[in-house]
Student: 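Take this structure, written in structure tokens, and hold onto it; I'll ask about it next.
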Amino acid sequence: MKNYDHKKIEKRWQKEWESKKIYQVKDNVKGKENFYTLVEFTYPSGNLHVGHWYAFAVTDIFARHKRMQGFNVLYPMGFDAFGLPAENAAINLGADPKVWTYEQMDKMRAQLRSMGAMFDWDREIVSCDPEYYKWTQWMFNQFLKAGLVYRDSTKVNWCPKDKTILANEQVSDGVCDRCGTEVEQRDQEQWMLRITKYADRLVDDLEVLDWPLEIKSAQKNWIGRSEGVEISFEVQSSKFKVDVFTTRPDTIFGATYLVLSPEHELISNLKAQISNWEEVSKYIQQTKKKSELDRQQSKEKTGVELKGVRAINPATKEEIPVWIADYVLAGYGTGAIMAVPADDKRDEEFALKFNLPIVRDYKKAGFDDFGKKIIKYKLRDWGISRQRYWGTPIPIVYDPEGKAHPVPDKHLPWLLPKDVDHKPSGVAPLAKSEELFKRTEKIFGKGWKPEVETMDTFVDSSWYFYRYLDAKNKKTFADLKRQNSWMPIDLYMGGAEHTNMHLLYSRFWVKALFDLGLVKESEAYKIRRNRGLILGPDGNKMSKSRGNVVDPDEIVERLGADTVRMYLAFMGPYGVTVNYPWDPNGVVGVRRFLERVWKVKEKIGKGKATPFLHKAIKKVSEDIEEYKFNTAITQMMMLLNEWDKTGSILEDEYKILLKLLAPFAPHMTEELWFELGNKKSIHTSSWPEYDPEKIVEDMVTMVVQVNGKVRASFEERKNREDGEVISRAMDMPEVKKWVGDKPIKKSIVVKNRLINFVT
RNA sequence: GCCGGAGUGGUGGAAUGGUAUACACGAACGACUCAAAAUCGUUUGCUGAAAGGCAUGGAGGUUCAAAUCCUCUCUCCGGCACCA
């Protein structure tokens, strides 16, 4: 018998599957129900790491299992190909972002094929392909018509030396990663999407989804719907008022001061009245250097009193001081709070530090005695503009008066120009494209100018799952018939890092499409499960700087794709946000198991049936359904351990093991399957069923406890009367010894499991 | 800081109110071998001569019974709106 040579086997079957197109998915197959399994498409970093394997190859186990269960399963793959790294490659290496990205994708396609996953490559999508972003732009136009798009300013990181906007990732400790210059917060006009219009639906529609509670809570908290009251505080000797938002209007009698965000408009309005203006403006300047995150994170509270400004507490009619502090954010509520130091921890801290009055016993007010009820959200509208090159161009042009117009659909895709200098120069890269400006004038007339912003890549990933259904359609983003065949997605498996932003943005996007009648569902993902990360062998996040990166290509070469897939599935339960370290020794154990499966084939003969087999089928099937691939594998290992004890095994039982193993180790099982004389792929065979009668046991082990401690056990027929098992247990010498002379106060019987005597 | 999650043997984990440590890794010893690797076998939570006692990050609680439920607390991980 030949040895298990993974290299030969894997390459051969990958070729064979591809030429036979066994993973090509039809939209409808008679007698089969469709099942859409989705994983987040990948950024083409050019190097497939263990994390990609964990995301795609382990989910492939589930998809293959569904397929063997008789579903018509779609499990597509594509590339989220716009984004910052290509632009950095352009700046640092002088590369063309497009050429660079397509090279990375070629490398990754080859690596992805080595997984042996059932991806249908005919449906591949690439978000930077004009045929894809044409529809991203088209949807933007639809949203514009529907009034979901507007222009507003938001804060961005600005490097005054490089004269460029920095991503949060490019800023560390408040300085620019490239040049070390202190980063400022600057206002930037941009195109916004009204996601806040959907805030209530985004919260309420969570109810019916089969999503883990923790994802629902995280989203609810991110949206942050809270019912409160807006209360006006008059400012002493001025015509101005300060509106504060509070969820605790009942505590207003205890409000002893107000705090405004340093950006609050009242500050400049009251400039003449503020006696310590120099101090105040210095504090405002300092705030500009801090990001929002920094402002919330800082443990030490800072702030400055607006001297000469006093407000009136409408409940107590008393004069109270007004402060500014950076922990109050301009973007939430009204950008001003009433402080109740007796009731709120943060307010108390602030009051103690700055010696502000604290009123301990105060009268409770009614909820809306002093203001009107109002609902506020933490969620902010979505700014999609980026002053970058490598993204979907925003299809907007400006007439000679400067008024914005959408690029008509017939001119889509509104192409990304090529004649761009990528060095940062203070303006958006597209502003330097002669081609883009000429094109605009040619189509729209003299004096017309193009928008030079591109879109946030979260836009591209908000609708990609529709394009898989109809990747080549030139008339629409996805034909409705095809949508009907597949949507909504049955399972969306993804990273926990996408819980708040990607999931929320795409939910919003789908709802907006739904309202426009373009899709038939208002929620795209029926089931969502998050997965954790694979850590380096040292238990830390894999990173080049730590030197703990595990290279999957090397392990696939040495031990095979089947081993890598299976080891990743064996590490722990899937679909929960737990991180597992890669153990270079552990992976060997799985390889050993596969070799034992390979060798045990020799024992096929006239053996006896294995009683454990049906239990194993049941457990493997149930565990896969719950994404517990680790315990499913354990069952197969236990079955093999059973077989080790017997001289020969039955061919039919061996075939069942191969089928159970097929989703995990698709190449090896296919090889063995054909060796047994089968003519059709194991992956087109059907999932084994267990015989319920064969898993019924008539004997059980009863555990005997005395005062909760295990003292004895005995074998007993199933379902005996409580009285019978109690008397049998009481006669046991161990029980007599531990009970002693004490009377038994209570005897508890857990059917077929345990007896506990309490003395 | 805020939101979400996780802590069980030397290691990954199993057990979701009822025998804590299944399955695997590692380690030790043995078989095979000139030898090594591979393979196979035995042992392996801690403590104790044994009987037994102790052990699921820590402290308390509920219960006949807690890794599992409750309260507080510590540590680590993910997210915090321009990384994807």
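The sequence lines fix the lettering, A, B, ..., with proteins before strands; numbering per chain opens at 1.
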Student: Does A/Lys709 or A/Ser217 map to a spot on RNA chain B nearer the 5' end, using the closest nucleotide for each?
Tutor: A/Ser217
Student: Do the ring centers of A/Trp463 and A/Tyr132 come within less than 6.0 Å of each other?
Tutor: yes
Student: According to side-chain contact (heavy atoms from CB on, under 4.5 Å), who are the partners of A/Val50, at least two apart in sequence or on a separate chain?
Tutor: A/Ile534, A/Met542, A/Val550, A/Pro552, A/Leu568, A/Trp582
Student: Check side chain to side chain donor-acceptor pair (under 3.5 Å) between A/Tyr574 and all other residues, then give those that pass, not counting sequence neighbours.
Tutor: A/Thr59, A/Arg531
Student: Can you give me the N/O atom pairs linking the protein to nucleotides 70-72 of chain B at distances under 3.5 Å, or say none if there are none?
Tutor:
none

Student: Rounding to the closest angstrom, what is the interatomic distance between B/rU8 and B/rG4 at atom P?
Tutor: 22 Å
Student: Under the 6.0 Å and 45° cation-pi test, does A/Arg507 pair with A/Trp222?
Tutor: no
Student: Using a 4.0 Å heavy-atom cut-off, write out nucleotides 23-33 of chain B from 5' to 3' as B (base contacted by protein), S (sugar-phosphate only) or - (no contact).
Tutor: BSSS-------
Student: Which residue pairs satisfy the salt bridge (charged side-chain N to carboxylate O under 4.0 Å, His left out) criterion with at least one member in residues 744-759 of chain A, sequence neighbours excluded?
Tutor: A/Asp722-A/Lys751
Student: Do the side-chain N and O atoms of A/Thr454 and A/Trp390 include a donor-acceptor pair separated by under 3.5 angstrom?
Tutor: no
Student: Check nucleotides 57-60 of chain B against the protein and report each pair of N or O atoms closer than 3.5 Å, with its distance, or say if there are none.
Tutor:
none

Student: Sequence neighbours excluded, which residues qualify as side chain to side chain donor-acceptor pair (under 3.5 Å) partners of A/Ser621?
Tutor: A/Trp687
Student: Taking CD from A/Glu349 and C1' from B/rC2, how many angstroms apart are they, rounded to a whole number?
Tutor: 14 Å
Student: Distance check needed: B/rA6 C1' versus A/Glu214 CD, whole Å only.
Tutor: 11 Å
Student: Return the orientation label for the A/His502 and A/Tyr492 ring planes: parallel under 30°, perpendicular over 60°, tilted otherwise.
Tutor: perpendicular
Student: If you compare all heavy atoms of A/Val549 against all heavy atoms of A/Lys544, which two are closest, and at what distance to 0.1 Å?
Tutor: CG2-N, 3.7 Å
Student: What integer number of Å spans the C1' atoms of B/rC46 and B/rC32?
Tutor: 35 Å
Student: Taking syn as any angle within 90 degrees of 0 and anti as the rest, which one fits B/rG7?
Tutor: anti
Student: Would you kindly give the CG-to-P distance between A/Asp644 and B/rU42, to the nearest whole Å?
Tutor: 11 Å
Student: Any salt bridge between A/Arg596 and A/Asp644, counting N to O under 4.0 Å?
Tutor: yes
Student: Quick one, give me the B/S/- string for nucleotides 74-84 of chain B, reading 5' to 3', where B means a protein heavy atom under 4.0 Å from the base and S means that only happens at the primed atoms, P, OP1 or OP2.
Tutor: ---SSSBBBBB
Student: Looking for any heavy atom pair under 4.0 Å, which part of the strands does A/Arg711 touch: base, sugar-phosphate only, or nothing?
Tutor: sugar-phosphate
Student: Strictly under 3.5 Å: I want the nitrogen or oxygen pairs between protein and nucleotides 14-20 of chain B, one per line.
Tutor:
unit_1: B/rA14; atom_1: OP1; unit_2: A/Asn630; atom_2: ND2; d: 2.8

Student: With no hydrogens and no angle check, just 3.5 Å: does a side-chain donor-acceptor pair link A/Thr631 and A/Asp623?
Tutor: yes
Student: Determine the stems involving RNA chain B; a stem requires 3 or more consecutive pairs of the Watson-Crick or G-U wobble kind, each with both distances below 3.5 Å, and the answer is none if no such run exists.
Tutor: B:1-7 with B:74-80, B:10-12 with B:23-25, B:26-31 with B:39-44, B:45-47 with B:52-54, B:57-61 with B:69-73
Student: Among A/Gln190, A/Gln188, A/Arg380, which one satisfies side chain to side chain donor-acceptor pair (under 3.5 Å) with A/Thr154?
Tutor: A/Gln190
Student: For A/Glu87, is there an ion pair with A/Arg386 - N to carboxylate O distance below 4.0 angstrom?
Tutor: no
Student: Could you work out the separation of B/rA35 and B/rG45 based on their C1' atoms and round it to a whole Å?
Tutor: 36 Å
Student: Kindly give the atom pairs (protein nitrogen or oxygen, nucleotide nitrogen or oxygen) under 3.5 Å for nucleotides 43-51 of chain B.
Tutor:
none

Student: Checking A/Asp562 now: which residues fulfil salt bridge (charged side-chain N to carboxylate O under 4.0 Å, His left out) with it, not counting sequence neighbours?
Tutor: none
